[in-house]
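First up is the structure itself, then whatever we jot down about it.
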Amino acid sequence: MFSLLVNIRANATWKQNGVTVAGGNGCGNATNQLKQPLGLFVDDDQTVVIADNGNHRIMQWKNGDTTNGQVVAGGNGYGNGLHQLALPTDVLIDKETDSLIICDWGNRRVVLWSRRSGTTKGEIFIDNITCWGLAMDEQRYLYVSDYEKNEVRRYQLGEKNGTLVAGDNGQGDDLNQLNFPTFLFVDRQRNVYVSDRNNHRVMKWNKDAKECIVVAGGQGEGNSLTQLSSPSGIFVDTLGTLYVADMYNHRVMRWSQEDKKQGTVIVGGNGRGEGANQFSYPVGFSFDRQGNLYAVDNDNNRVQRFSIE
């Protein structure tokens, strides 16, 4: 995730019923549909860019047009050609080059794809990596999680090997280990937050630290307020408050800096379902500058926006 500076009041609340801003028309590959979407990126103008995993494409939905999205990368079937993607998991926008950076999971590569009209193929930025999540800091360093190596690396654009910033001590649940790291967030101090999925916790690696601290979960898998179940998308606001898509509990939670022992449910948590106040496996999520919450509702093949009150 890109560290958009979002100021959210400590006691903020959100409308409990979401509005569908992308998809929601069943599972399919039409321009008004999504298929098992995963990561998303919300631009300054509330344009939403989505890794449409099952359709091997990146979709863009402009603010106000909830009827149809536009294919902005891939969409040429599953494959490893430069004009194709294979099961992409995450995406972000690099403003400087006006490019999409895509975690092309099925092809074990990270791809740059220009947003200029007429672009029909991407270029390989990093290859031979089991990437899942992406983040970018203000200096335009790219952070990529590798769930096979259980590590996160930081790359300068154009660099192939990167610098280790989290993990790389084998699979495990010690404070220097990860077990299937997925989505990422980097704050202004370049501290790295990692969704440590199979350890059911979110870890914070302070810049240059060798060990991390648990900032959410870490109490085993469960659905109490002290627990998470396969955490997914994460976001940190300017107060340092952490927000987590708690995937298998079908809810989004807030964990404040003061109370790392337990979180509060801010939307969802009403059982798995397709109602406006329900999720079926929330994965990627983000906020816009106003503090409205956007969540990818994976099994409902839609993106929901919850307005801040």
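Worth knowing before you read on, the calculation uses all heavy atoms, side chains too, and leaves out hydrogens, waters and symmetry mates. Values in this document were obtained by computation on a predicted structure and should not be read as measured data.
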Going by the salt bridge (Lys or Arg N to Asp or Glu O under 4.0 Å) test, which pairs reach into [range], not counting sequence neighbours?
range            : result
residues 61-76   : none
residues 195-204 : D196-R201
residues 242-255 : D246-R251
residues 263-274 : R272-D299

| task | Flag yes if more than 12 heavy atoms outside W105 fall under 6.0 Å of its CH2 atom; otherwise flag no. | result |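 Atom CH2 in W105 is not packed in, count stays at 12 or less.
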
Query - Heavy atoms from other residues, nucleotides or ligands near CG of D98 exceed 12 (cutoff 6.0 Å) - result: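 Yes, because the 6.0 Å sphere around CG of D98 holds more than 12 heavy atoms from other groups.
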
Item to complete: Check whether the ring centres of F306 and F279 lie less than 6.0 Å apart, and answer yes or no.
Response: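 Distance test on ring centres: under 6.0 Å, yes.
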
Practice prompt. Determine, using ring centers only, whether F235 and Y193 are less than 6.0 Å apart.
Written response: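 No, they do not, as the ring centres are separated by 6.0 Å or more.
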
Pair up each side-chain donor or acceptor in residues 30-38 with any protein partner under 3.5 Å, not counting sequence neighbours, and list the distances.
from	atom 1	to	atom 2	distance (Å)
T31	OG1	N68	OD1	2.8
Q33	OE1	N29	N	3.4
Q33	OE1	A30	N	3.2
Q33	NE2	N25	O	2.9
Q36	NE2	N298	OD1	2.6

Sequence neighbours excluded, which residues qualify as side-chain contact (heavy atoms from CB on, under 4.5 Å) partners of [X]?
X    : value
K160 : none
N270 : N277, Q278
R108 : N128, T130, E148

Linking I/L/V/M/F/W/Y whenever their side-chain heavy atoms sit closer than 4.5 Å, directly or via other members, would [X] and [Y] fall into one cluster?
X    : Y    : result
I124 : L134 : no
V19  : V267 : no
L239 : L293 : no

Partners of R154 by salt bridge (charged side-chain N to carboxylate O under 4.0 Å, His left out), sequence neighbours excluded?
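Applying salt bridge (charged side-chain N to carboxylate O under 4.0 Å, His left out) to R154 gives none.
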
Would you indicate whether the side-chain heavy atoms of N55 and R57 approach each other to under 4.5 Å?
->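 Counting from C-beta outward, R57 and N55 do come under 4.5 Å.
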
Closer than 4.0 angstrom, basic N to acidic O: yes or no for D44 and K95?
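Looking at D44 and K95, the cut-off is met.
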
For the pair R140 and E138, find out whether any cationic side-chain nitrogen is under 4.0 Å from an anionic carboxylate oxygen.
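Here R140 does not pair with E138 in a salt bridge, since their nearest N and O are not under 4.0 Å apart.
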
(request) Quick one: list whatever passes ring pair (Phe, Tyr, Trp, His ring centres under 6.0 Å) with Y248, sequence neighbours left out. (result)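 Y248 satisfies ring pair (Phe, Tyr, Trp, His ring centres under 6.0 Å) with Y281 only.
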
Write out all pairs satisfying ring-ring contact (aromatic ring centres under 6.0 Å, His included) with one or both partners inside residues 201-225, taking only residues at least two apart or from two chains.
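Those involving residues 201-225 do not exist here.
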
Residue pairs involving residues 46-71 (criterion ring-ring contact (aromatic ring centres under 6.0 Å, His included); sequence neighbours excluded):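 As it turns out, the ring-ring contact (aromatic ring centres under 6.0 Å, His included) pairs with a partner in residues 46-71, which skip direct neighbours, are H56-Y78.
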
